[in-house]
Each structure stands twice: as C-alpha cells, then as structure tokens.
Amino acid sequence: MSYSKPKFKEKYSNFINGKFVAPIGGEYFENTSPIDNSLIAKYPRSQKEDVELAVDAANAAKEAWGNTSATERAKLLNKVADIIEANLEEFALVETCDNGKPIRETLNADIPLCVDHWRYFAACIRAEEGSATELDEMTLSMNIKEPLGVVGQIIPWNFPLLMLSWKMPPALATGNCVVLKPAEQTPSSATLLMEKIADVFPPGVVNIIHGFGPEAGKPLASSSKVDKVAFTGETTTGQLIMQYASKNLNPVTMELGGKSPNIFFNSVMDHDDAFLDKAIEGAVLFAFNQGEVCTCPSRILVQEDIYDKFMERVIARTNGIIQDNPYDINTMVGAQASNDQYEKIQSYFKIGKEEGAKVLAGGEANKLSGNLANGFYIKPTLLEGHNKMRVFQEEIFGPVACVTKFKDEAEALEIANDTLYGLGAGVWTRDAHQLYQIPRAIKAGRVWVNCYHAYPAHAPFGGYKKSGFGRENHLMMMNHYRQTKNMLISYDKNKLGFF
Ligand SMILES: NC(=O)c1ccc[n+]([C@@H]2O[C@H](COP(=O)([O-])OP(=O)(O)OC[C@H]3O[C@@H](n4cnc5c(N)ncnc54)[C@H](O)[C@@H]3O)[C@@H](O)[C@H]2O)c1
Ligand SMILES: CC1=C(/C=C/C(C)=C/C=C/C(C)=C\C=O)C(C)(C)CCC1
C-alpha cells in the first residue's frame with residue numbers, strides 16, 4: 001500500500017492569540033519535502049516583533065489560565081488527544097512529507113505517541129496532590145505548586161509533532177501559557193495541529209511562531225517577558241540558548257545531542273533463538289528514522305569472542321533493510337530531513353575513511369529513481385574502527401553506526417563512557433549480573449536493557465553530561481514548569497513565631 005503527498009495551502013501563518021496571523025514584516029520562507037525536494041508551502045519568516053506579539057498574548061492570558069481548575073485543563077488536553085487521534089492518518093502523512101521519515105513510523109509510532117503524551121499529562125494533573133506539614137500544633141506549612149507563567153519552547157525537526165507533544169502538555173497542564181517555535185525544516189504538523197485545535201484553548205494560551213533560530217528563536221529565548229525556556233536540539237545551540245535566558249535569570253531545560261553506545265555481551269550468542277534475533281534487530285535500530293534520533297544507537301560495541309559471527313548477521317540484516325519511497329508502507333528507512341543533513345553525513349563518510357574506518361555496509365548515498373532521485377537518501381551504514389575516531393565521537397545524526405570490539409566488562413564500560421554525551425545506551429546480555437551492574441555504571445540518562453527505542457510517557461527521559469539536564473516525560477517533569485509557594489500559617493493567637 002502506498003500513500004501520496006498530502007495537499008497544502010500556498011502559505012501559512014503564525015498562530016497568535018487564538019488566530020492565524022501573518023508575519024508583521026510580510027516575509028516567508030519556502031519549506032520543501034526531503035522525499036523529492038518538492039515545495040510544500042511558504043511559512044512565516046518571523047522576527048522579534050512577531051515573537052513579542054505572541055509573548056504579549058501569552059502574558060495577557062496567563063492569569064486566567066493559571067487559575068483554571070485541573071479538571072478543566074485536563075478536559076482540554078484530552079480534547080487535543082482526541083483530535084490528533086481522529087486525524088491520525090492526516091498528521092502522519094504531513095509528518096512524513098515534511099521530515100522524510102517513512103509513513104510506517106509516523107502511523108505507528110510518532111503520532112500514536114503524541115496522543116498518549118497529551119492524555120498522560122491530562123491524567124497526571126488530576127492525580128496531583130500537594131503537601132502540608134504540621135510544624136507544631138499551632139503551625140502549618142503548606143506547599144502549593146504555582147505555574148511559572150509564560151514558557152518559550154524551541155524544538156528540532158526530527159520528531160516535529162512528538163517534540164511538541166512532549167513539551168506542550170506538561171506546560172499547559174501545570175497552568176502555563178506557551179509560545180513554541182517549531183524547527184524551520186518541519187513547520188507543517190504544528191500548523192496542522194493549530195488548525196484543528198484553534199478553538200480548544202482560550203486565546204493566548206497556545207501560540208506558534210515560525211521562523212529561523214537566530215531570527216525567531218533567539219528573541220523568544222531572550223525575552224524578559226518569558227518565565228522559562230525549554231529547548232531540544234543541538235548541544236551548541238543549547239549553549240547559546242542558556243546564554244540568552246541567563247540575562248533574565250530564567251530557568252532552562254536542555255534536551256541535547258547524543259552518541260549512544262549499544263553493547264552486546266557474548267551471552268547473546270549462547271543460543272540461536274528468539275532472543276538472539278531480537279538482539280540483532282536491536283543492533284540495526286541505528287538505521288531507523290534515518291538515524292535522526294537523539295538516542296540513535298550510533299556506537300555498536302561487541303564482545304570480541306562473538307564479534308565475527310554476530311557482525312555477519314548484523315551486516316546481512318543491515319543490507320536487507322528496505323529503503324524506498326517513504327509513502328510506501330513497506331519502507332523501513334526514508335529520506336534524511338534536509339540537504340544539509342545529507343551533505344553532513346556524506347562528509348563524515350569521507351572523514352571516517354580518512355581516519356581508517358572500514359565500511360562494512362553502505363557508506364554512500366542511495367540514488368533512488370523517478371522524483372525520488374531529487375530526495376536525500378543515505379544507505380544504512382556500518383563503519384568499523386575505534387572509539388578515538390571522530391566518527392565515534394561526533395554526532396553524525398544519520399543512519400550510521402560505528403562498530404568496535406571489547407574484551408571484557410571493564411573495557412566495554414571504558415569505551416561506552418568515553419564520550420562527551422550521556423543521553424541513551426543499550427545493554428544486551430543473558431547474564432543476570434551484567435544486566436544490572438553495567439547499566440548502573442553507564443553515565444547516561446536512559447539505559448535500555450535487552451530492548452531499545454521505547455519511549456513510554458511515564459518513564460523519565462533526559463541527558464547526563466553534554467546531553468543536557470532536566471527531564472521530559474513522567475509526572476516528575478511537571479516540576480520543571482512550576483514553582484513552589486510555601487504558606488506558613490500560625491493558628492496561635494498569642495505567639496509571633498513558633499521557635
Ligand atoms: N535530547 C533530546 O531529547 C533530543 C531530541 C531530539 C533531538 N535532539 C537533538 O537535536 C539535534 C537535531 O536537531 P536540530 O538540527 O533541529 O537542532 P538545532 O539546535 O539546530 O535546532 C533546534 C531548534 O533550535 C532553533 N535554533 C537554532 N539556532 C538558534 C538560536 N541561535 N537561537 C534560538 N533558537 C535556535 C532551530 O530553529 C530549531 O527550532 C541533534 O543534536 C539531536 O541530538 C535531542
Ligand atoms: C527509531 C525507531 C522507532 C521510534 C523511535 C522513537 C519514537 C524515538 C523518539 C525519540 C525522541 C522523541 C527523542 C529523540 O530524538 C520505532 C520504535 C518506531 C521503531 C524502530 C526505530
């Protein structure tokens with residue numbers, strides 16, 4: 001079964017104060033589909049004054065929204081979930097067109113996960129309880145969680161609607177108003193969502209500003225009328241955003257890059273069974289979503305005594321991955337999100353070869369036929385080498401895994417932790433000791449054990465080291481969007497203090 005490119009209008013607007021608003025300067029940029037490099041539509045090239053309009057609208061709405069009941073907020077979040085679910089195929093097609101990832105993934109992972117995140121935070125906010133302590137028989141200390149006010153959110157292009165759905169629901173559930181800037185490469189699904197939910201929230205509660213990082217993202221992160229900045233993207237951009245936000249002493253959360261190790265101990269090959277098949281699938285997950293995943297298992301570490309046999313199967317499986325038209329339901333790997341990515345990945349092939357890395361699979365662009373010849377396809381690639389090489393250390397953000405051997409647990413850990421990043425990691429073993437001790441010793445915010453690439457809403461996700469700080473998902477992240485008011489109440493008619 002195959003789908004085709006969805007229909008778009010010629011141009012779109014920002015969403016500010018409950019309305020679609022043209023950019024004040026009247027400038028637009030052209031957004032193209034990486035599947036065939038065809039034009040999708042024009043989107044606002046917003047500037048500081050557009051951002052200010054959105055931030056002012058959010059400020060005007062924050063008092064009333066912050067005072068709505070948890071029940072009311074939950075009802076509206078659930079309504080958004082219902083709307084996305086009812087239009088799942090349309091959202092999936094738009095996401096595939098904009099990002100280049102296969103429809104198989106957007107239909108089965110991206111969009112269903114979005115629905116679940118909106119529902120999860122609708123439920124969390126109703127299940128919330130505060131705390132009160134009797135400090136002595138006449139004094140009560142009461143902790144009340146209050147919203148921060150207006151939150152600026154800046155997201156990347158690799159999971160456009162899912163990143164929005166990771167960020168917006170907890171901010172809204174906790175009573176904040178939001179101004180969100182999608183990535184300029186993938187503005188379409190956020191716009192479609194605003195079209196579908198335009199009347200759901202009171203005006204000003206949800207605002208979307210399109211445009212480029214330095215022109216629209218910087219004024220948002222720098223605004224003195226914003227109370228918090230939440231960012232997902234590259235580590236170097238995160239460093240800039242922190243500088244902007246620090247001028248206002250604004251809190252930030254940072255979800256940044258990664259170079260995640262995926263470690264295979266020799267016991268995975270003890271039996272030729274379903275578990276071994278699962279481990280092989282776990283090793284080739286580097287290729288899916290075109291490797292444009294922050295947690296992409298981009299370093300494969302294999303114990304030396306199983307290396308040859310294990311890699312023989314991994315290479316065969318990698319060469320069997322179907323890369324074709326992303327609108328075709330059988331396609332497993334689609335197009336890279338942009339020409340910039342396409343070129344960056346190929347430059348790393350050159351770097352890897354110069355460093356002496358051996359190409360075990362792929363290692364080049366994939367020239368597809370017809371319209372797809374204009375798109376940005378890279379063959380799933382395995383590079384063999386050692387952990388000091390740049391291809392092992394730098395985030396390539398493509399369907400590329402760098403493979404190396406280790407002798408024992410100590411060496412596996414040394415290689416795994418020899419990275420600036422600490423976002424994700426995978427550990428594959430049948431050994432009961434290793435499956436606890438190794439993940440405990442890995443310096444990363446999420447370690448998958450005998451699985452990979454699972455993102456349940458109720459498990460906290462985030463980075464160690466240069467992969468960022470703060471967490472996404474899980475009810476604990478609601479605290480990133482609120483502050484604690486302590487009320488210290490004396491019931492004593494005579495005494496001034498309680499000490
Ligand atoms: N840790 C996570 O949860 C997570 C999730 C997804 C992606 N990522 C990371 O995101 C990166 C890929 O995304 P990307 O290329 O879109 O990242 P990016 O940093 O280039 O852009 C992300 C967003 O920041 C904006 N931006 C760029 N420069 C800016 C500036 N000076 N001021 C304000 N905003 C600015 C962009 O317009 C975009 O909206 C990878 O490094 C990946 O690992 C991390
Ligand atoms: C990449 C594969 C899948 C999906 C992975 C997902 C949904 C990753 C999400 C990552 C996020 C939100 C953050 C970092 O970028 C499956 C599970 C659909 C299939 C295998 C490959």
Side-chain angles (χ1 to χ4, degrees), residues 46 51 99 101-102 104-114 116-117 152-167 180-187 190 209-222 229-245 253-260 281-282 284-298 321 332-333 337-338 340-341 344 394-399 421-424 444-446 448 451-457 461-464 466-473:
S46 308
V51 174
N99 169 278
K101 61 174 78 182
R104 187 176 101 123
E105 264 181 45
T106 50
L107 276 177
N108 298 307
D110 294 60
I111 311 301
L113 279 170
C114 293
D116 191 49
H117 277 80
Q153 302 184 325
I154 300 177
I155 58 170
W157 43 259
N158 60 342
F159 288 88
L161 197 65
L162 186 56
M163 289 293 104
L164 177 153
S165 302
W166 274 23
K167 287 211 167 1
L180 181 140
K181 192 196 89 62
E184 57 272 28
Q185 297 86 346
T186 52
I209 286 284
H210 292 291
F212 297 102
E215 294 172 357
K218 183 176 176 183
L220 179 57
S222 315
V229 182
F231 174 73
T232 297
E234 275 188 25
T235 297
T236 49
T237 316
Q239 286 166 331
L240 289 175
I241 305 266
M242 281 185 74
Q243 284 174 21
Y244 308 150
T253 39
M254 293 278 146
E255 295 294 340
L256 308 173
K259 193 76 185 177
S260 303
E281 287 306 305
V284 299
L285 279 182
F286 73 87
F288 289 85
N289 203 65
Q290 300 69 245
E292 292 171 342
V293 191
C294 50
T295 44
C296 178
S298 51
I321 289 171
M332 296 153 82
V333 173
S338 66
D340 283 353
Q341 282 300 114
K344 176 182 164 193
E394 295 171 21
E395 192 181 38
I396 300 175
F397 226 53
Y421 297 107
L423 192 58
R446 163 72 57 82
W448 284 280
C451 63
Y452 209 99
H453 271 334
Y455 300 89
F461 175 86
Y464 283 19
K466 299 259 182 308
S467 293
F469 50 85
R471 290 292 174 269
E472 303 266 15
N473 308 331

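Atoms within a ligand are numbered from 1 in the order they appear, just like the ligands themselves.
The nearest protein atom to atom 12 (C) of ligand 2, hydrogens excluded, is given as Met163 CE, 3.0 Å; this is a heavy-atom distance. Counting protein heavy atoms only, atom 9 (C) of ligand 1 is closest to Gly233 O, 3.3 Å. The protein non-hydrogen atom at the shortest distance from atom 14 (P) of ligand 1 is Trp157 NE1, 3.2 Å. The shortest contact between atom 8 (N) of ligand 1 and any protein heavy atom is with Cys294 CB, 3.6 Å. If you check which protein heavy atom lies closest to atom 12 (C) of ligand 1, you get Phe397 CE2, 3.6 Å. Looking only at heavy atoms of the protein, atom 26 (N) of ligand 1 is closest to Gly213 CA, 3.4 Å. Shortest contact from atom 25 (C) of ligand 1 to any protein heavy atom: Ile154 CG2, 3.6 Å. Protein heavy atom nearest atom 6 (C) of ligand 1, with residue, atom name and distance: Asn158 ND2, 3.3 Å. Scanning all protein heavy atoms for the shortest distance to atom 28 (N) of ligand 1 gives Thr237 CG2, 3.3 Å.
Within the 4.5 Å cutoff, the side chain of Trp166 has no heavy atoms near those of the Thr232 side chain. A 4.5 Å side-chain heavy-atom check between Ile155 and Leu180 finds at least one atom pair inside the cut-off.
Every atom of ligand 2 is numbered from 1 in the order shown, and the set under 4.0 Å from a heavy atom of Phe288 is 21 (C). Every atom of ligand 2 with a heavy atom of Ala109 under 4.0 Å away is listed here by number and element: 18 (C). Applying the 4.0 Å criterion to heavy atoms of Leu423 picks out, from ligand 1, the atoms 1 (N).
By the 4.0 Å heavy-atom criterion, Trp166 is counted among the residues contacting ligand 2. Within the 4.0 Å heavy-atom shell around ligand 1 one finds Pro182.
Here the closest non-hydrogen pair linking Pro214 and Pro219 is O-CD, 3.9 Å.
Between Lys181 and ligand 1, at least one pair of N/O atoms sits closer than 3.5 Å. For ligand 2, the polar-atom distance check against Asn158 finds a nitrogen or oxygen pair separated by under 3.5 Å. Any N or O atom pair closer than 3.5 Å counts here, and Leu256 shares at least one such pair with ligand 1. Looking at Gln185 next to ligand 1, no N or O pair under 3.5 Å apart turns up. For ligand 1, one of its N or O atoms has an N or O atom of Glu395 under 3.5 Å away. Considering backbone and side-chain N/O of Gly211, none are found under 3.5 Å from N/O of ligand 1. For the pair Phe159 and ligand 2, the shortest N or O to N or O distance does not fall below 3.5 Å.
The side chain of Ile241, and not its backbone, has at least one atom closer than 4.0 Å to an atom of ligand 1 (non-hydrogen atoms only; side chain from C-beta on). At a heavy-atom distance under 4.0 Å, only backbone atoms of Ile155 (N, CA, C or O) approach ligand 1.
Between the choices Tyr244, Tyr421, Phe231, Trp166, the shortest heavy-atom distance to atom 32 (N) of ligand 1 belongs to Tyr244. Between the choices Glu255, Glu234, Glu184, the shortest heavy-atom distance to atom 3 (O) of ligand 1 belongs to Glu255. By heavy-atom distance, the residue among Leu113, Asn289, Val284 lying nearest atom 7 (C) of ligand 2 is Leu113.
Protein heavy atoms all stay at least 4.0 Å away from atom 4 (C) of ligand 2. Within a 4.0 Å radius of atom 19 (C) of ligand 2, the protein contributes no heavy atom. The nearest protein heavy atom to atom 21 (O) of ligand 1 is not closer than 4.0 Å. For atom 14 (C) of ligand 2, the nearest protein heavy atom is under 4.0 Å away.
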